[in-house]
Each structure stands twice: as C-alpha cells, then as structure tokens.
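Structure first, commentary second.
When reading the values below, keep in mind they use all heavy atoms of this one structure, side chains included, and skip hydrogens, waters and symmetry mates. Naming convention: chains lettered A, B, ... in sequence-line order (proteins, then strands); numbering from 1 in each chain.
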Protein chains: 2
Amino acid sequence: MSDTLSAGQALGNHLYKEVKHKILESLRTGEWKPGEVIPSEKKLGERFAVSIGTVRKAVDELSAENVLIRQQGRGTFVASHGRGKYFFSFFHIVRQDGLREFPSVELIDFARGQADPAAAAALDIHPGDKVWRYTNLLSLQDQAVILDEITVPVELFPRLSERVLRERRSTVYQLYQEHAGVNVIRTRERVRATRADGARARLLRVPVGHPLLLVVRIARSFKERAVELRHSYVNTDRHEYAVDLLGDEA
Amino acid sequence: MSDTLSAGQALGNHLYKEVKHKILESLRTGEWKPGEVIPSEKKLGERFAVSIGTVRKAVDELSAENVLIRQQGRGTFVASHGRGKYFFSFFHIVRQDGLREFPSVELIDFARGQADPAAAAALDIHPGDKVWRYTNLLSLQDQAVILDEITVPVELFPRLSERVLRERRSTVYQLYQEHAGVNVIRTRERVRATRADGARARLLRVPVGHPLLLVVRIARSFKERAVELRHSYVNTDRHEYAVDLLGDEA
DNA sequence: CAGTGGTCTAGACCACATT
DNA sequence: ATGTGGTCTAGACCACTGT
C-alpha cells in the first residue's frame, strides 16, 4: 500500500513525527539495515508526500538520537556499531590523564539461567524467563580494569553461544546487531561505589574490599525494548568514568 | 551601529552561526539577562536582516544547549538556574528507587586560598592565583549524602563571602548568576570510587574506609570559561549517580 | 558531471498565552 | 484580538562526494 500520510497536517499532529515513525518502522522491519544508506531526502519526501523540509526535521531528530548518520554528499546511513568514535558513546571509562583506549576483552564465563526479579524488572520480562548470563573481563594496556556481568533475554538472542562470543572480533553491540538484528542506541546508567568481593577482587587483581565503581546499565533498542542488563565493576585506581554533558560543537 | 550581517551568505559561512554568535554576544554583554525574554524571532530576523527560519535555526541550537528556553506563546527566555527540573541537569544523585529530590544544604567551611597546580589546570588559571574554597554538606531526607568541596576563582566572584553563601536560599549556580553574572551551562564530570577518610567519614556519618563515589566536576559558562571545580563525595548506600544518554522525547 | 545533504528564504497557517 | 513560538511548504542555491 501507499506510505502516503493522511495529510492530517491541520490536526493536532506533527507531520514530521509521523514521518519519523514511518522511518523507524522501516528500520524495525529491516527494510534498511545498519550500515546501509536510506533513500535521499527528496525521495523520502515524495514517498511520504511531504516537503523536504519536513523530512529534514524528522531526520534531524533521528540523527541527533544517533539512529541515523548523515554524510554530506554521500547520503544518510543507518547507525552501526563497532567503527570509530561511536564506540565511545557506550564506553565511558577513560584513563585518568584523559586518554581513551579500546579495551581488550576476555570471556570469563557463559551460562544460561532464569531471570531473577530484579533482572526481569530491568529487562521488561517475567521473573523466571530464560536469560543468558556472561562475564567479560576488559583490560586497558594489559591491566584488568573492568568486569562486565551481562544479562540478556534468550528470547532476543536465541542463537547466542559461548563460541560466538569467543570468536567475535567486534564489540558485543555489533554482535547483537549482526547476529540478532538488535541495534542498541540508548543506555541508562546508574553508578555506585562498592567493595570488591573475593571473586571479583581476584579477577581484577585488587585486594578484597578495594573500592570499585559499580555501573548498572540498561541498554535499549529504538527507545523501547530493553535489550541488555550489565553490571560493570570498575577499578578506578588509574581510570575513571567520564560524563560530558551538553557538548556539541563550537 | 547596525547588527546587520554582511550578507555573506554565499561564502563558506553559515548565516545562522553568525546569528547565534550575535545572540551569545548580547547575552555576554548583558543586554538580555538570565530569566528575561529576548526579542521575538520576527524582530531578531529584522535586526539581523535574515529570515525567520535562520533565526529559528540559531535559537534551536542555543535552546538545545540550554542557553535559551523557548515557551510557546510567551517568548524565548535566557536560561536561569534554580527553578524546576533544570536543576536536575546539574544534580545527578537520585535515590535508588529512582526518586529525584531536592537536597538541603549546610555550609561547613569557607576560606580563601591559593590554587594548587591541579586546581589551576582545571580552572584555566595560574597556580597560586587566589581562589575561594568552600564545603557544602547536602542532605536528602535528613540523611547526609553528599559532601561538596568547591573551588572557584576569586577573580570571577570578588564579592563572595561566607555570609552570602549562608544566607542564600537558591542554588549556588543561581547565586553565581545573580551575584557575578556567571551563567553555568555546561559541566564535565569524572567519577571514581574511593574510601572515606576520617573527616569526610564523620561528616557523612559512615565508617572510615567506607566506599564513596568521588565526582570531580568542572563547570563552564558559555562553553568557554571554567568557573568552578567541585569534588563531590557521595555515599551511595541508598543513592546513586544517574546518567541517561540520548534521552529526548517519545 | 549528477546526486546528495546543508543552508536560506518568504510566506502561510496552527497552537498557545496574555491582554 | 494580538503576539508568540511551532509546523509546513516550495523552491533556490551552496558544498561536498562520487563517477
């Protein structure tokens, strides 16, 4: 059928919001996949029967939300994980002198289990639902710095396995994307100070009781579905958690 | 003289950026003060000799950066601290159940001193320059939760005093604004886990050695001048540090 | 070169707030 | 009723990217 909108411009609607939702729809159905170009703004305008300015406003927002990436002269692309500085939108640990480095990752543990009530609430699933639980140890300059304890619903990633996680060379969000078509674009994090217990102290090579940062992250796709629950234990002796607010251009 | 722009539209410039800078100029010179309305978009368009659309794009950015606040039907206002939810753009500690509360503040200490090298580097001043140092204890529901150790250049706040800090009823950023015309609009924060030492443990009523969150914040005005250096020690037994990334509307 | 996103215009109409 | 910001249009030209 036609994608043409209902011309409901005069109503309480916002045409560009409808356009935005149509675009998100096409992203969800997989018509345009991560890394691909979407049609030009002119063509989108024709398809949705709106002016280019309206398409631009919709794409403006999606681009501000990192769902789409514009490149002048080339086109507009569906955001994709793994490459370049986009990685650091989801990796906030920096060295205390400010240097940002890519971590090396070691899979410590992988298991299938059931969601406890807290995890279920965080992931919008039912207690007892099947989940994968796995643990990564992240090192920066050969120093173990971060312990990631990750929980994801089996339902979303039916084919996940220890092998897939071990053999990957990409980031896990890239893996989620390629493996299951799940595109993480938003996270919510809560940070506390805690103490290293025995097992975690051993892995991070700190004394038991050493202060650690605990970052609890919930990752979401297209601002709705909760995709991953992650507990990150961070040794902040030489690194820190960085937050820059309201930082655009000059 | 005229504010009219050089009509350099065809050049490598961006007209709306020039408009944006003109607006920032008027903010810096104090032509429009925090809390006041600025002229309507139509009038700004006439004044700068550009179309309304161009003014809108400039105001769009300033509004996204929290420098200006738009209110439909009323006008566009210069951002001002203290009121409403804007406060929480700069206050990231929430109760573990997610509730956001306003803290009550107690001034613990106030002194004049000299910037040590680290503080000087953070504040873009010279080591040895005069600074104010003061300490606030923030409580949520009658529980001491945050210890703020704050350093600001005397140069920026020549008339700051213990009395002014004690007698204020507003937030300190509101005070900076009213007292010295300094408008904080951007912060950068670095978070680490640490242990409570004797003095801080006593104030926060936790055992010595208790894990605390240490948040180091540098606050800036109009994205250039470093205004304040703040070390916040947070007891995260019942509260946590909240970060929401890429969260606009629905 | 053709095609893309980026900027700018001039005017229309809407939704909202104030008088 | 008036004035404000918010949305939408239709078309022009620019800057950049690829062929």
It should be established whether [X] places a side-chain nitrogen or oxygen under 4.0 Å from OP1 or OP2 of nucleotide [N].
| X | N | result |
| --- | --- | --- |
| A/T54 | D/dT9 | yes |
| B/R56 | D/dG6 | yes |
| A/R70 | C/dT4 | no |

Item to check | Residue mapping more 5' on DNA chain D - nearest nucleotide basis, B/S40 or A/V55 | outcome: B/S40

To the nearest angstrom, how far is [X] atom [atom1] from [N] atom [atom2]?
| X | N | atom1 | atom2 | result |
| --- | --- | --- | --- | --- |
| B/E41 | C/dG11 | CD | C1' | 15 Å |
| A/I52 | D/dA10 | CD1 | P | 11 Å |
| A/L15 | D/dT9 | CG | C1' | 11 Å |
| B/H14 | D/dC13 | NE2 | C1' | 14 Å |
| B/K42 | D/dT7 | NZ | P | 20 Å |
| B/I69 | D/dT4 | CD1 | C1' | 16 Å |
| A/D60 | C/dG6 | CG | P | 8 Å |
| B/K57 | D/dT7 | NZ | C1' | 16 Å |

So which atom in [X] and which in [Y] form the shortest heavy-atom distance, rounded to 0.1 Å?
| X | Y | answer |
| --- | --- | --- |
| A/Q177 | A/A79 | NE2-O, 4.0 Å |
| A/I185 | A/S221 | CG1-C, 4.2 Å |
| A/V172 | A/Y134 | CG1-OH, 3.7 Å |

Dump every N/O contact between nucleotides 17-19 of chain D and the protein below 3.5 Å, one line per pair.
from	atom 1	to	atom 2	distance (Å)
D/dG18	OP1	A/R74	NH1	3.2

Checklist entry - Would a 4.5 Å heavy-atom cut-off, applied to side chains only, mark A/L213 and B/R192 as touching? => result no

Checklist entry - Is A/V19 close to A/L44 at the side-chain level, that is, under 4.5 Å between some pair of heavy atoms? => result no

Checklist entry - Counting only N and O atoms by type, is there a donor-acceptor contact under 3.5 Å from the side chain of B/W132 to the main-chain atoms of B/F157? => result yes

Donor-acceptor pair between [X] and [Y] side chains, under 3.5 angstrom:
| X | Y | answer |
| --- | --- | --- |
| A/Q141 | A/R95 | yes |
| A/H92 | A/E189 | yes |
| A/D148 | A/S232 | yes |

Checklist entry - Got a minute to check which stems DNA chain C is part of, using Watson-Crick or G-U wobble pairs under 3.5 Å, three or more consecutive? => result C:2-18 with D:1-17

